[in-house]
Amino acid sequence: MSSIEGPWAFVYWQHDERRLWFGRDVFGRRSLLLHLPDHEGDHLQLCSVAEKPSRDSPTHKSPPACDRSHGDDLSATFPASDFLPLRLVVGEAVASRVGAPEARVPLAGDAAWVERTEEGLRRGGDGVSLGSCVDAAAQTTAGELEGVLAEAVRVRVHRQGAPCPACAAARLRRVADDNGQSDDARSSVQGRAKVVCGHAKVAVLFSGGLDSAVIAALADRFVPAGEPIDLLNVAFELRSNSAANTNARKAKNKPRSEEESSEGDAGGGSRDTEERNFAVPDRETGKLVLGELRRISPTRPWNFVMIDVTKEELRRKRAEIISHLVYPLDTVLDDSIGCAIWFAARGVGRVVMETGATEIYRSLARVVLVGMGADEQLAGYSRHRTKYRESGWSGLVREVEMEVSRISERNLGRDDRIICDHGKEARFPFLDENVVSFLNSLPMWKKALLSLPRGVGEKLLLRLVAENLGLPLAARLPKRAIQFGSRIAKLENSREKASDVCARLKTEKEKGKEEEEGKASDVCARLKTEEEGEEEEEGKASDVCARLTTEEEGEEEEEGKASNVCARLKTEKEEGKEEEEEKALDVCAHLKTEQEEGEEEGKETSRERASDVCARLKTEKGEGLGCYVQNLVEFPESRDL
């Protein structure tokens, strides 16, 4: 199994050895989830998709697609009496043939070639083809990539002769209706039952970007002539209608022909409004690249399926379905990409007919071509530029190798589960073993030159292929991730980070537990106790609730002595001790001995002021009178009192 090429995942029970085998292909293109028992009564689980559990339920992980460290018998991790011996199969043989990315850095002649190519592309500018700015060697390499990539597309789209589900069901209904007729009638029925399916059998996840445009152009070579190809383009409703309102005002002031006026009045202007609400970047680039495809293949029926998703539908489908398919992944990035792919693969949207009318359309294609793998191998992400600036060619090679090694865990299992939910199969031409092997054999500087601007330097080799296919516009488009191009990232919280755990993917049970435990960023007001609610009203949310303090603490706060021990709680004995040890600025005169008074008189005299009331003249009974005299000196208006 480890030497089989192509996507696969399996679970096999070897009865004679009582051993369970499982695994998946070298890139992990098919979903496989594993849960290992971790407590008594728990069970081993191997599945392709699992319902998202509550926090108390078992968690699943994707077993490694190619990791020799996991190739040993896993039964050692289980009690022998309870669990079966397990063997994990990984694609070691295929991994050895595919190899790792070429790690050479440009030296001497190679460095001179890089410098010449970069200089030529800089001089060329936007209006000049990329191919005219590079030498023959670069064009030859681009032609070789086009050849291996075309073969990868061919093996994924040929032999799609079976009718689509709708036509197959219609054929079965005809046979069932005519069952029981004579032999002659039955033979004629069988002839009529061979329904010719005119629906598209191949679809492309189509953002209008470089990767999807190249795949669509290559698919055109091998899909039978006259057969439609569905281009699935997803857009999420724009959160702000400010741009739409601006466009509406411009359209209102623009003169319209009689034909446009009648069409707008008949539709109530709904079509224009709908277009504006979903005018996301991927929709606009998709329409532009669609024009290029129609130019290079004018006889092909290209079904540009505009899949529009409202915020309400997004929330509903995420809670009902998508959150379970994305599981066990749980980040904001997984939520955004997972939702975009699910709606795109469903294929329910609008198409513009040749007459110009818009009709509701549902793609019945069972094969969906996906461009995953191009950015990872050809340095298409912005983080690749960052790594190149920080660590040069060697750092970039390490980053690309890491991207490919973790693609099974980060992307492919999730995408497979999501697309298969619609009864369709995802196929990845850029992850064909021959394509990966060819790209790994090339030094990095022949695949990308990241010192050049966006839209040129990243995936440079694939851009040359696009130009050779007749797609000059697509060849110049910069990388735009699906979550940004479809605007799903803008529809939700724009301040989130892609690596954050996505709260929207959590089940209601999980959310309830987090709220009860106070682990959410803001504790839900509905779950607060009555005491906390009263604290908010009093503006004391950060202080200890007054009703939870003891009666003694309450009395202390009223007297402004929260930090001191309440005098009322002291025993008489404690008060007596404190009075004896009291260290006021002036020790009470009537408690001093005559000797102490004599000793202090000399000291105090030097500190006294002439206007001070003399404490030495006071008798024990006259202390109170002395206080009144002092008050009369300081406040003459109180003399009458």
Side-chain angles (χ1 to χ4, degrees), residues 126 130 204-217 231-240 243 277-293 304-309 314 331-345 369-388 400 403 407 410-411 415 428 430 447-450 452-463 465-467 471-492 494 496-499:
D126 295 337
L130 298 174
V204 181
L205 286 189
F206 190 75
S207 65
L210 173 64
D211 310 338
S212 59
V214 169
I215 289 178
L231 306 176
L232 309 177
N233 183 277
V234 64
F236 290 84
E237 189 175 24
L238 295 174
R239 184 171 60 179
S240 173
N277 289 344
F278 297 96
V280 302
D282 278 1
R283 180 63 50 81
E284 302 306 313
T285 56
K287 291 178 179 178
L288 292 175
V289 177
L290 172 64
E292 290 194 317
L293 292 173
F304 184 68
V305 187
M306 297 177 287
I307 301 164
D308 303 331
V309 185
L314 169 63
T331 67
V332 171
L333 182 65
D334 296 312
D335 170 59
S336 298
I337 296 178
C339 290
I341 293 179
W342 189 88
F343 282 104
L369 300 179
V370 185
M372 183 66 65
D375 292 304
E376 287 77 5
Q377 298 179 81
L378 295 165
Y381 294 120
S382 59
R383 56 180 175 267
H384 292 137
R385 286 184 175 272
T386 302
K387 181 60 67 174
Y388 175 72
V400 167
E403 295 276 5
I407 194 172
R410 292 192 60 177
N411 302 95
D415 298 348
F428 309 93
F430 285 106
K447 296 180 282 189
L449 294 175
L450 298 186
L452 296 173
R454 290 181 68 244
V456 178
E458 75 277 13
K459 300 189 288 190
L460 174 60
L461 186 60
L462 189 61
R463 296 182 187 280
V465 172
E467 275 198 351
L471 303 169
L473 177 61
R476 290 281 187 165
L477 291 174
K479 165 65 181 176
R480 186 190 294 118
I482 188 173
Q483 64 269 28
F484 300 117
S486 67
R487 282 298 185 261
I488 185 175
K490 297 291 184 182
L491 189 62
E492 304 292 354
S494 59
E496 292 175 322
K497 295 181 180 179
S499 58

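Quick note: numbers below take in every heavy atom, side chains included, and nothing from hydrogens, waters or symmetry partners.
- Smallest separation of non-hydrogen atoms from Leu205 and Ser212: O-CB, 3.3 Å.
- Using a 4.5 Å cut-off on side-chain heavy atoms (C-beta onward), Leu238 and Asn277 make no contact.
- Taking the ring pair (Phe, Tyr, Trp, His ring centres under 6.0 Å) definition, one finds that Tyr388 meets it with Trp393, sequence neighbours left out.
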For residues 279-287, which side-chain N or O atoms pair as donor and acceptor with protein atoms under 3.5 Å away, sequence neighbours left out?
| residue | atom | partner | partner atom | Å |
| --- | --- | --- | --- | --- |
| Arg283 | NE | Asn233 | OD1 | 2.8 |
| Arg283 | NH1 | Asp308 | OD1 | 3.0 |
| Arg283 | NH2 | Asn233 | O | 3.4 |
| Arg283 | NH2 | Ile307 | O | 3.4 |
| Arg283 | NH2 | Asp308 | OD1 | 3.0 |
| Thr285 | OG1 | Ser207 | O | 3.0 |
| Thr285 | OG1 | Pro281 | O | 3.2 |
| Thr285 | OG1 | Asp282 | O | 3.3 |
| Lys287 | NZ | Glu275 | OE1 | 3.3 |

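- Partners of Arg476 according to the side chain to side chain donor-acceptor pair (under 3.5 Å) rule, which considers only residues two or more places apart in sequence or in another chain, do not exist here.
- Scored by the side-chain contact (heavy atoms from CB on, under 4.5 Å) test, Lys447 finds Leu378, Leu439, Leu442, Met444, Leu461 as partners (sequence neighbours excluded).
- Evaluation of the salt bridge (charged side-chain N to carboxylate O under 4.0 Å, His left out) rule for Glu292 yields no partner, not counting sequence neighbours.
- The salt bridge (charged side-chain N to carboxylate O under 4.0 Å, His left out) search around Asp334 returns Arg414, not counting sequence neighbours.
- Between atom CG of residue Asp415 and atom CD1 of residue Ile341 there is a gap of 3.5 Å, rounded to the nearest 0.5 Å.
- Atom-to-atom distance recorded for Leu130:CG and Glu467:CD is 4.0 Å, nearest 0.5 angstrom.
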Pairs of donor and acceptor atoms involving the side chains of residues 369-376, under 3.5 Å and at least two apart or interchain, shall be tabulated with distances.
| residue | atom | partner | partner atom | Å |
| --- | --- | --- | --- | --- |
| Asp375 | OD1 | Lys459 | NZ | 2.8 |
| Asp375 | OD2 | Lys479 | NZ | 2.8 |
| Glu376 | OE1 | Gly373 | N | 3.3 |
| Glu376 | OE2 | Tyr381 | OH | 2.9 |

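- For Pro478, the side-chain contact (heavy atoms from CB on, under 4.5 Å) partners at least two apart in sequence or on another chain are Arg454, Glu458.
- Side-chain contact between Leu477 and Leu210 is absent, with no heavy-atom pair separated by less than 4.5 Å.
- In summary, of the residues considered (Arg383, Gln377, Arg410), a side-chain hydrogen bond (donor to acceptor under 3.5 Å, both in side chains) with Glu403 occurs for Arg383 alone.
- Annotation: side chain of Phe304 is not in contact with side chain of Leu293 (no heavy-atom distance under 4.5 Å).
- With rounding to the nearest 0.5 angstrom, the CG atom of Leu314 is 10.0 Å from the CH2 atom of Trp342.
- With sequence neighbours left out, the side-chain contact (heavy atoms from CB on, under 4.5 Å) criterion links Ala448 to Ala379, Leu450.
- Legend: residues meeting side-chain contact (heavy atoms from CB on, under 4.5 Å) with Ala345, ordered by chain and number and at least two apart, are Ile419, His422.
- Here the closest non-hydrogen pair linking Ile488 and Cys339 is CD1-CB, 3.5 Å.
- Counting heavy atoms from C-beta outward, Leu462 and Phe430 have side chains that approach closer than 4.5 Å.
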